[in-house]
Amino acid sequence: MSVDNLSSTDTSFGKAKPSAVQSRRAKKIVPFCLTFIICFATWFVLSGRFDFFHIALGIIACTIVASLSGSILISRRGLENLPGQWLGFILYIPWLLYQVLLANIHVMYLVFHPRMIELIDPRIISFKSKLKKPMSLFIFANSITLTPGTITVFVSITGEYTVHVIDEKSGNSLPGEMEERVARLMGE
Amino acid sequence: MIWPLDIIILTIVIICGIAAISIKDLLGAAIMFGAYSFMMCLLWSVMGAVDVAFTEASVGAGVSTVFFVAAVFRTTRRTRD
Amino acid sequence: MEEQFPIIIIAVPLIAALLITALWWFDKRVCLPISIVAGLTSLVASVGLLLQVLSVGILEYRLGGWAPPFGIVYRIDHLNSLIIVAVSLVSLLNLIGSRTIVEKEFQEKVGAFYALYLLFTAGLLGILMTGDAFNLYVLLEIASLTGYALIGLGRRRAPLSGLNYLFMGTIGASLYLLGVGYLYLMTGSLNMADIAQILPTILPSKVIVLAFILCLSGLFIKMALFPLHGWLPNAYTYSPSVVSSLVAPLTTKVMIYAMFRVMLTIFSIDFSLNSVALRLPILWLAIAAIVMGSIMALAQKRLKKMLAFIVVAEVGYMVGGFWLGNRAGMSGAVLHIINDAAMTLCVFMAAGAIVYKTEDDRLSSLKGVFRTMPVSMTAMVVGGLSLIGVPPTCGFFSKWYLISGGMAAGHYGFVAALLFSSLVNTVLFFRLFEIGYFEPFPSGHAHEQQGHTDARNHSSSIAEAPLDVLVPLVATAVLVIVLGIYSGEIVARVIQFAIPAVIG
Amino acid sequence: MRALGLATVFCFGAILFYISFDFPGWGDENSPASQHVSPYYIEHTMDDTSVPNIVTAILADYRGYDTLFETAVIFSAGLACFFLLRIPERQAPPARFYRHLATGITFRIEKGGRLPEDTDEFERIDSVWVPYDVIIGMTCRLVVPFIQLFALYVIAHGHHSPGGGFQGGVIFGAAIILFAISNNLRRTLKRMSEKTSALLGSLGVLIYAGTGILCMVLGAGFLNYSALASLLGVDPVSARSHGILIVEIGVGIAVTAVMVWIYYNLSSAGRQDEGL
Amino acid sequence: MTLVAAIFIVLGLFFFTGGSIGILRFPDFFSRLHPAGKLDSMGLLMTLAGMALYTARDLSLPAILTALKILLIVVFVFITSPTATHAILDAGVRAGLGPWTAPKKKGTR
Amino acid sequence: METFFLYAAIYLCLIMLLSLYRAVFGPTVLDRMIGVNAIGSKTTALLIMIGIIYQRVEMFVDIALAYACLNFIAVLAASRFFQKRKGLYDESH
Amino acid sequence: MEALGSLILAKYNYWAVIALLLIGLYAMITKKNLVKKIIGMNIFQTAIILFYVSIGSKKGATIPIITHGHGDASHAVHSVEYINPLPHVLMLTAIVVSVATLGVALALAMKVYSQYGTLEEDEIREKIMESEPV
């Protein structure tokens, strides 16, 4: 058993550091506020009504959600450099969409190819990624799943990827450019 | 009500229903039952019963399938019919 | 305050159930007091309601303040106000006697038990009062759902029979719902009185006939009329005895009431009895139920199962009484609903007390039980005599009405079935008394040692169930006799107004 | 048995089929069902309750009593699952599994033995143990708050769009179930214990029934929300609208709690230590 | 705007078709996941984007908000769909389903 | 334009039949899950199409969103089954 | 031919209800597996729900949510424009009831399983015969 089996929810364990009460409270308040703001923005999109009554309801709802699951949404480790990450993420999306489109055309080609059986050569490969943060692991894994010919089978928390590839060509390009981009995006 | 859609969805519903009771594996049956609920939800939104569709979407697709899977998980998947 | 009685009867048990679920996590002792207070409030309100109905006539309570076809309405007349009193009284009596057995059988789940108990009662009371066909379904489901749960926690075969009950009960309720759907399709209304007004305008209609049959067959399943009684015996036998003495007196009777309500209020009595050629078939079903129930009861070797089959036979009495279609038969059936609730409660509570002590309900193990449990057995005797139909007890009077109704209708098969069933009940109960009266004599140990005799003496000394079981039990036995004495009064002052005037 | 069943079923079906020819046509606007009661609802809901969603208005107001018992049915289902399945704590499971965090060694402790729960060195794990999945874990962390927010939105906007207490409650419950599936049951129980769910369940129904009683105390009939007007300081029509909202919130709370409660009991067969 | 929306929807339907046929044609469970996971989410993206465009065609505030909601679904699906695909695949691997391998190739490719 | 959406919806339903084939006849439970998941994503699109046909999209969007959420939960629960219960076929063999 | 077509168009929904009812009932009568029976029960209930919703549908009408919001009460609402909302309400209740029944049924089935180790009715019956020969 290696360390990778540890659950990553950093709230529940890890050595209880003797920190001041105030900073702990601050650590709770920051996720709360962030969640509240995000939720409130979402609420406006969802609600579509801007009278006082509905906004008040929205505030109550966001407070409930933020107090219930603020610690679920916002990890304490991921707080540094947040605006940069969001900007990077927005820049990452078009590239990802482009890749997804490529992936789809590739799969489409396979699907409609009359001799599809001969083209594909499914296999499972694994490689080690240099990424460390759970969030970047997650983004990378989902990007792998969305892009040509590959689906993530399993990611361990240390960054070992097991990937199912549909043909050899798709597997060769991993980790490749995408990892670089994700790393840059998450500031690793 | 949009009848051409309605007929097709009704057909799918009936297929799903028959499949759900004839699959010889309880987990498969539970999953098929989930699909049956999806179709029911669609059927109701086709008929304009949005609230019923919403309820069915939340109940059928989410909770009742999870209940079935949980129950099958705690009992057995084996079935002889 | 008076005008709120109908809702108090239901809302108080409902809220008490919620409070119990909440408070039970903090203090385990609050359950029983809260439930008893709730049951008592409900009983007082229902007696008040009965008096009100007697003085004023039919009452109407609009829920949410909406006029009848648009909102839900409670309609209380002579028929249901009487049965409401009976149901809340039975529920309360059983509740008082439940403490010891409940603590023994459910230990950690006492709170949930009482909450389910009160919800069950609230559901049944709601069925009795509602004047809305769909609302009846919802309340039916809450009563059944809690019933399934209560039955399912018994021993041995209880979960399986609970599940069977659930399947049958759901089919029954769904058929009823389908029937209401057909009615709604043709009339566009859900209010019983409103449907009844619309129906004559569309009447020669196959759909309505099918709706009638569907509603009835759904309720037949729920009330366990003979060919559909499959779920009942096991469910009542294996359920915990507190539960069987709650469910057995109430469920079937309330369902019979619901049948009567459907026949009487939704479809007119004329339509139900004459337009559809169902009268004879259902009468024969009732006769079959009486005969088969009695015969099956004769074949049983377990006390509770025997009683359960007697319940099946009793359902036949009441259904047959209604479908005789004359005043005497219907009065007998309504009277029998009340009487049967009382006497079934009496025998099931006595059986519960006996099973609590002997841990075994095989008839053969009840030897000497008269000696050890005199009070319980006396109550059992009273209940048994009432089920047989011996004069001072209430069973006699309702049976008398039923028989005279059968005579008046010229349906001698029904009369014969009733007499046959009384005969079988006699055999059954006298067999029981005989077993209970004789001491257990050690077979094959004719010459035993002194020590064993001591032990036998010890075992044959009084070992009665605890007092809180006995008090309601005795009260029930007294009730059985009192109901018998006042049954003429009840018929004259209440029941004869409950039967529609068209019935000659 | 099979042949008999088929025969019964086909007889039943044949009767229903035969009768169906006497039905009004499907979607016929002149059918009795669309003529008698329903036009009143459609035409008067706005004036009576000022709720555009007619279904919500009927559900929580015109036929609010049905809905009260519908909530009670759900509540009693939760209670029934608890009553039937719950195995008390003192009946210990066959074995418990712990892992030492530093070394990764797994212990199996039999016969009801257990380690103290609040040490940082050991973690209780499920008997069939699955390594932590980063993808599922992260997705749930991202998604759960939004599902919850969406559920609250559904409850709050039941007046104007489809939805309401029941749907919102189910979705909220599903969010908690999602958390339980993606993490494990014990962690979920730490966030929302069984006691909490039972209390919330009864609280929800109590809000509903209590609103009804409150109306009764204020002098109108049971569930007649227009009596709340004096309390809320609005006119009777909007009092009905507000009453509906209060009731929907009650339903939402009850349904959430009960769904989670049923899931706890079903997925752990009543032991409430290891879930799906 | 309407035309663009229509083009998007047609494209989306095309992807959906590919996904469904792919699910039918591919030889084993693992390879079936490729069309199921990718083409379906792409199809959904396309159709929903098309419908969002169509909804927002008159540029009024409620319409735009509705369109935003539709896009919210897209975002949601793009988070959950790969996860669902991954979960099914992981389940398959843990259930002990070996991947299908190509039958012996004719010569060199 | 509504006719276009109607035809699109009908086409989508027919496509759904193809996925249904996999769901009904899929050799393993996991294949059924793929089929059902595919049906789910098509349903999400279909719901909004129905909304457009009814010209009340804003009412149907909520359903579609709820649907997308809960479909995901069901799939996750079912796959969790396999992660914990190893074995693709039932335990009888 | 024309008449037949319109007849089918007017009735096929009800026929589908009947088909689903029969599927559910058939499963409940003949299947031996308890969970299968529960599935059948649910199909039966949904069929009835479908029946009610079919009653409520109305040609050329829109969903029963009034389009103009608050404060516009003077705008008359015509009942032909909206689908009959009452069956929807009833069916919301019925769906809730069916979920509740499902939960209780599954709980009971799990209890049966923990008692007998199987979900097949005939096997359970055999085990009962073995354990309590009355």
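Below, chains carry the letters A, B, ... as their sequence lines are ordered, and counting in each starts from 1.
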We want to know whether T55(B) and Q167(D) form a side-chain donor-acceptor pair, criterion being a heavy-atom distance below 3.5 angstrom.
yes
Is it true that, when you exclude F21(D) itself, more than 12 heavy atoms of the residues, nucleotides or ligands shown sit nearer than 6.0 Å to its CZ?
yes
If I measure from the heavy atoms of chain D, does V59(B) come under 4.5 Å with its side chain, its backbone, both, or neither?
both
Rounded to the nearest 0.5 Å, what separates atom CZ in F54(B) from atom OG in S161(D)?
7.5 Å
V63(B) and M259(D): which non-hydrogen atoms are nearest, and at how many Å?
CG1-SD, 3.4 Å
What part of I177(D) gets within 4.5 angstrom of chain B, counting heavy atoms only: side chain, backbone, both, or neither?
side chain
Engaged part of Y263(D) at the chain B interface, taking heavy atoms whose separation is under 4.5 Å:
both
Backbone of V55(D) reached by a side-chain donor or acceptor of D51(B) within 3.5 Å
no
